[in-house]
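Read through the structure below, which is laid out as structure tokens, and then see the notes.
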Amino acid sequence: MARILLVEPDYVLARIYAMALQRAGHKVRVVADAQAAIDRADRLTPDVVVLELQLAGHNGIEFLYEFRSYSEWQAVPVIINSGVAPGEIQSVPGAWEQLGIAAYHYKPRSNLRALLASVEQVLEPVA
Amino acid sequence: MDVVSQDNGELRELLRAVAEQLKLPLLHIARQAELSRMNGPRVAELQTIGRSADMALGMVDAYLLGLQLAAEQTELALEPVSLSSVLNDTAHALSTTAQAYRVDVELGIAGKYEPVMANGPALKAALSSLGYSLIVAQTEPNKKQRPVMQLAAWRATGGGLVAGIYGDSLPVVSAEALARARRLYGRVRQPLTGLSGSAAGIFVADTILAAMTTSLRASRHHKQPGLAATFQPSRQLQLV
């Protein structure tokens with residue numbers, strides 16, 4: 001069982017993803033924005049972060065930079081689960097690796113099984 | 001860029017924003033259906049699928065008029081319209097989506113007001129579009145106290161009647177943010193950074209209201225932030 005921090009602004013989707021992860025045996029904490037994610041991680045470091053990039057206020061990339069700036073969170077795997085297609089994000093080569101993005105799921109083309117498989121994959125060393 | 005290209009560009013952007021927003025209820029349906037297949041369907045999960053389908057259909061219905069107006073660039077025929085009646089219909093249209101997002105919708109109409117010059121179906125579409133965006137964007141449904149969204153009508157001190165959507169738990173859209181979003185619209189994915197989605201409904205509402213020679217603006221009512229438009233009272237009955 002792992003502690004998963006789910007950063008998802010849409011209430012209905014958040015419930016669905018949380019339910020899928022919980023039924024897979026994980027403990028899930030749901031937050032809707034970047035600041036709440038930092039606050040929640042501060043209280044209990046997650047084993048995995050599942051992150052939507054399109055958030056109100058600070059976006060997911062800004063959250064990720066801040067998240068990685070803390071030494072205790074640098075090794076926490078982050079799985080992107082976003083409505084933003086990966087091709088829409090222009091990034092500096094190597095930035096994804098620097099930010100420790102373990103997997104990228106584009107919501108319209110991914111599904112729950114694929115997301116759960118990514119979570120299990122990043123947790124293998126912990127399990 | 002010539003006028004035709006500019007108009008087509010704006011329509012393209014509106015279409016793109018609407019398509020982005022419509023992905024949301026379809027994602028709800030797809031993921032909920034998948035979850036139900038994985039673990040066996042439960043009544044609450046089937047309800048989610050039903051509500052999301054209704055949400056998508058409601059959005060399409062509301063957005064179609066905005067898209068048509070953006071394409072045709074016409075003004076709408078105005079007639080005397082009861083704001084109370086339109087707000088009531090809008091509250092009903094938004095009820096399923098509000099329920100899905102644990103938002104309570106209330107009507108805030110103190111007293112009786114004379115009809116305003118507007119287009120009834122278009123006004124309902126505009127307010128519904130606005131309502132969808134604000135419901136979806138609110139991020140506090142997990143709190144114990146459910147957020148309240150108020151559909152209100154009130155008399156402006158400078159004249160005219162105001163119809164809008166307000167709420168303490170709704171994302172606050174300032175006048176500056178709205179002006180900036182209108183400039184950025186079509187050029188960035190998230191023109192209103194205070195809202196997590198494309199806020200298509202806000203721009204659809206803008207387009208529809210412009211066809212009624214009014215516009216959406218940041219507003220406050222009973223200290224609650226919101227978005228609203230001002231309408232002129234109908235003088236027709238006064239002549240009688």
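The shown structure was predicted, so the numbers you read here are calculated from the model rather than taken from an experiment. Residue numbers begin at 1 in each chain, while the letters A, B, ... track the order of the sequences.
Contact between B/R31 and A/K107 at its shortest, heavy atoms only, is NH2-O, 3.1 Å. For the pair B/K23 and A/P108, the tightest heavy-atom approach, listed with the atom from each and the gap, is CD-CG, 4.0 Å. Closest approach of B/G194 to A/A56, counting heavy atoms only: O-CB, 3.3 Å.
With a 4.5 Å cut-off on non-hydrogen atoms, B/L192 does not touch chain A at all. Looking at A/L55, the atoms closer than 4.5 Å to chain B (heavy atoms on both sides) all sit in the backbone: N, CA, C or O. For A/V84, the parts sitting under 4.5 Å from any heavy atom of chain B are the backbone and the side chain alike. Contact annotation for B/L35: both backbone and side-chain heavy atoms come within less than 4.5 Å of a heavy atom of chain A. Contact annotation for A/L115: neither backbone nor side-chain heavy atoms come within less than 4.5 Å of a heavy atom of chain B.
To the nearest 0.5 Å, the span separating CD on B/Q32 from CZ on A/R15 amounts to 8.0 Å. Between A/N59 atom CG and B/T193 atom OG1 the span is 9.5 Å, to the nearest 0.5 Å. One distance of note links CD1 of A/I16 with OG of B/S36; it measures 8.5 Å at 0.5 Å rounding.
With contacts defined as side-chain heavy-atom distances shorter than 4.5 Å, the pair B/L27/A/V12 does not qualify. A/R113 is listed as a side-chain neighbour of B/M38, based on a closest heavy-atom distance under 4.5 Å. Within the 4.5 Å cutoff, the side chain of B/V103 has no heavy atoms near those of the A/Y11 side chain.
Residue-environment remark: NE2 (A/H105) exceeds the threshold of 12 foreign heavy atoms within 6.0 Å.
Look at A/R23 and B/E45 and you find a salt bridge, because one of the NZ, NE, NH1 or NH2 atoms lies within 4.0 Å of a carboxylate O, short of that distance.
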